Every structure is written in C-alpha cells, then in structure tokens.
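Report on the following structure.
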Amino acid sequence: MPELPEVETVRRGLAEHVVGRRVERVEVGRLRVVRRTSAEALVDGLSGCVVLAADRRGKYLRLPLDSGEELMVHLRMSGQLLVAPRGAVRPPHTHVAMILDDGSELWFVDPRTFGEVVVFDPADVEAVVPELARLGIDPIADRFERDDLRAILRRSPRRALKPLLLDQHVIAGIGNIYADEILHRARLRPDRPASSLDRRRVGELHRAIVAVLGEAIAAGGSTLGDAQYVDLMGDGGSYQDEHRVYGRGGERCSTCGRGWIQRVVTGGRGTHFCGVCQR
Ligand SMILES: [Zn+2]
C-alpha cells in the first residue's frame with residue numbers, strides 16, 4: 001500500500017504535470033471508486049475546473065480547484081494516478097479518466113478498487129471526508145519537531161511504538177513498511193511502550209522518522225514485488241533496495257551484522273525487526 005513517500009512522489013508529479021491544467025472532460029467507469037458521492041458529482045465538480053495546487057495530508061492527495069472545491073484522491077491498496085497523451089490506450093482497471101487541456105489525460109487506475117476519487121467543498125470536509133479532518137500531524141508537510149513527538153508519546157504512555165506510528169490520527173502517512181524501517185533506524189523494538197523513551201531516545205526516533213521518510217521520498221518511494229506502486233509516469237521507486245528489515249525476515253541484520261531479522265505477525269500484519277540492535 002502506498003505510504004507517505006509514495007504519495008508524496010505522486011504529488012510531486014501532479015505539481016509538475018497537472019497543476020495549472022483545466023479539466024475539459026471526465027469519464028467514470030467503475031462506480032466503486034466514486035462511492036463517497038457519485039459519478040455525476042465527480043463529473044460536475046471537475047469539468048471545466050483548473051487545478052490550482054497539489055497538496056498532500058498523510059496518504060491523501062488534495063488538489064484545490066478554481067471552483068473553490070477540492071479533488072481528493074486516496075490510492076489505498078493498489079490505486080495509481082498516471083498521466084498519458086490523449087487517446088493513449090488505457091490500461092485495464094482505469095476507472096476515472098480526466099481529459100486535460102494540454103493534450104494529456106490523468107487516469108485513476110485501481111485493480112482492487114479500494115481507492116477513491118471525490119470532489120468536495122472544503123467547508124463540508126467533516127461531513128464528506130471526516131477522516132481527513134481527524135488526521136494527525138504530517139511529519140513532512142507540517143512543521144514536526146522533537147517536542148511534537150514527545151507530546152504524542154506522553155499522550156499514549158502505554159501504547160507500543162509500532163501501533164502508535166501506524167495510527168493516522170496521531171501521525172499521518174506512516175504505514176507498515178516505514179514504521180518497521182523507522183523503528184529499526186532508531187534502534188527501538190516495535191513493542192516497546194511509548195513511556196519508556198527518555199529524552200535522547202525520543203530525539204533518535206524523531207530523527208529516524210524524518211530521515212527515513214526523506215530518504216524514501218528522494219528514492220521515489222518503494223515498489224515491492226507486486227509492482228502496484230508507480231509514479232505519475234508509470235515508473236517504480238527504488239527505496240525497496242534500501243529496506244533494512246521490511247520483507248527481510250530470516251536474513252542476517254545488515255546494520256549490526258550479528259542479529260537475524262525476525263518477523264512476527266500481529267493483527268494480521270507482519271512486523272520486522274532485529275532483536276539484537278533494536279531494544
Ligand atoms: Zn541488528
């Protein structure tokens with residue numbers, strides 16, 4: 001599933017290729033991806049509008065329109081946004097096609113159809129996209145200081161670090177891959193309670209969050225074996241080559257050279273860590 005670095009890479013592509021363009025026409029295929037409102041609402045809300053900016057909150061893409069409304073896209077499990085020349089053959093599972101005024105098209109492609117595309121009035125965000133209004137701090141888009149993290153850990157002293165990092169209401173954008181990589185970088189066990197971190201450890205965790213996400217963005221995100229995540233031009237990222245623990249269960253730890261990467265399953269999701277260098 002695309003996480004903050006992948007969605008940020010898509011956002012940068014949108015800023016380059018779609019911002020400033022007028023949407024001339026919209027075609028909707030599968031209605032499941034517009035389930036939040038309707039196909040008519042998407043077509044009416046987008047047609048004729050100019051895209052003013054490309055913003056991101058956590059894993060949500062937010063594109064303000066010159067109508068005062070906003071286009072929101074969430075890729076969920078397998079969604080992709082792709083730009084192509086007008087008339088190009090659309091890949092299977094292209095559920096929304098936006099025909100732009102520069103001779104290109106923006107496609108929303110999603111084999112599993114968990115993703116969604118919606119146009120809404122920002123004044124109605126609580127009613128239409130309530131989870132967007134309740135997102136926690138974004139560690140890249142917002143000013144995110146060590147003291148912000150300290151306050152977060154203090155509010156949930158008994159929670160384990162991994163579920164805390166995954167909680168979108170607390171910190172927005174981190175998913176399973178980057179939670180594992182961040183905790184490894186900070187040399188902290190995923191099941192360690194938030195209250196057990198002293199000031200120095202909080203600083204290390206803060207640095208790890210910013211560094212891992214920043215490096216992953218610079219690498220264009222992670223494209224795993226399923227190759228579902230690609231950027232706007234259809235290219236994969238390369239950060240998967242730099243994963244130290246995620247997907248490396250059973251391998252020798254390349255950080256300390258002594259431990260073996262363990263994989264434990266909690267709540268249906270795998271957690272990867274080194275029992276030697278993560279304490
Ligand atoms: Zn290790």
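As a basis for the values below, the full set of heavy atoms in this structure was taken, side chains included, without hydrogen atoms, waters or symmetry mates. Bear in mind the structure is a predicted one, so any value in this text is a computation, not a measurement. For the single chain, residues carry numbers from 1 onward in sequence order. Both counts, for ligands and for their atoms, begin at 1 and track the order of listing.
Judged purely by distance below 3.5 Å, without hydrogens or angles, the side chains of His95 and Thr113 never pair a donor atom with an acceptor atom.
Shown here are the ring pair (Phe, Tyr, Trp, His ring centres under 6.0 Å) partners of Tyr60, two or more places apart in sequence or in another chain: His74.
Inside a sphere of radius 2.8 Å centred on the Zn ion (ligand 1), the protein N/O/S atoms present are Cys253 SG, Cys256 SG, Cys274 SG, Cys277 SG.
Counting heavy atoms from C-beta on, the side chains of Leu82 and Val109 come closer than 4.5 Å. Under the 4.5 Å side-chain criterion, counting only non-hydrogen atoms from C-beta, Asp110 is not in contact with Gln80.
In this structure, His243 and Tyr178 have perpendicular ring planes: the angle between them is above 60°, well past the 30° mark.
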Inset, instruction - Could you walk me through whether Glu116 and Arg36 pass the salt bridge (charged side-chain N to carboxylate O under 4.0 Å, His left out) test, one step at a time? - result: CA-CA 8 Å; Glu116 57 173 322; Arg36 183 91 56 162; 2.5 Å; yes
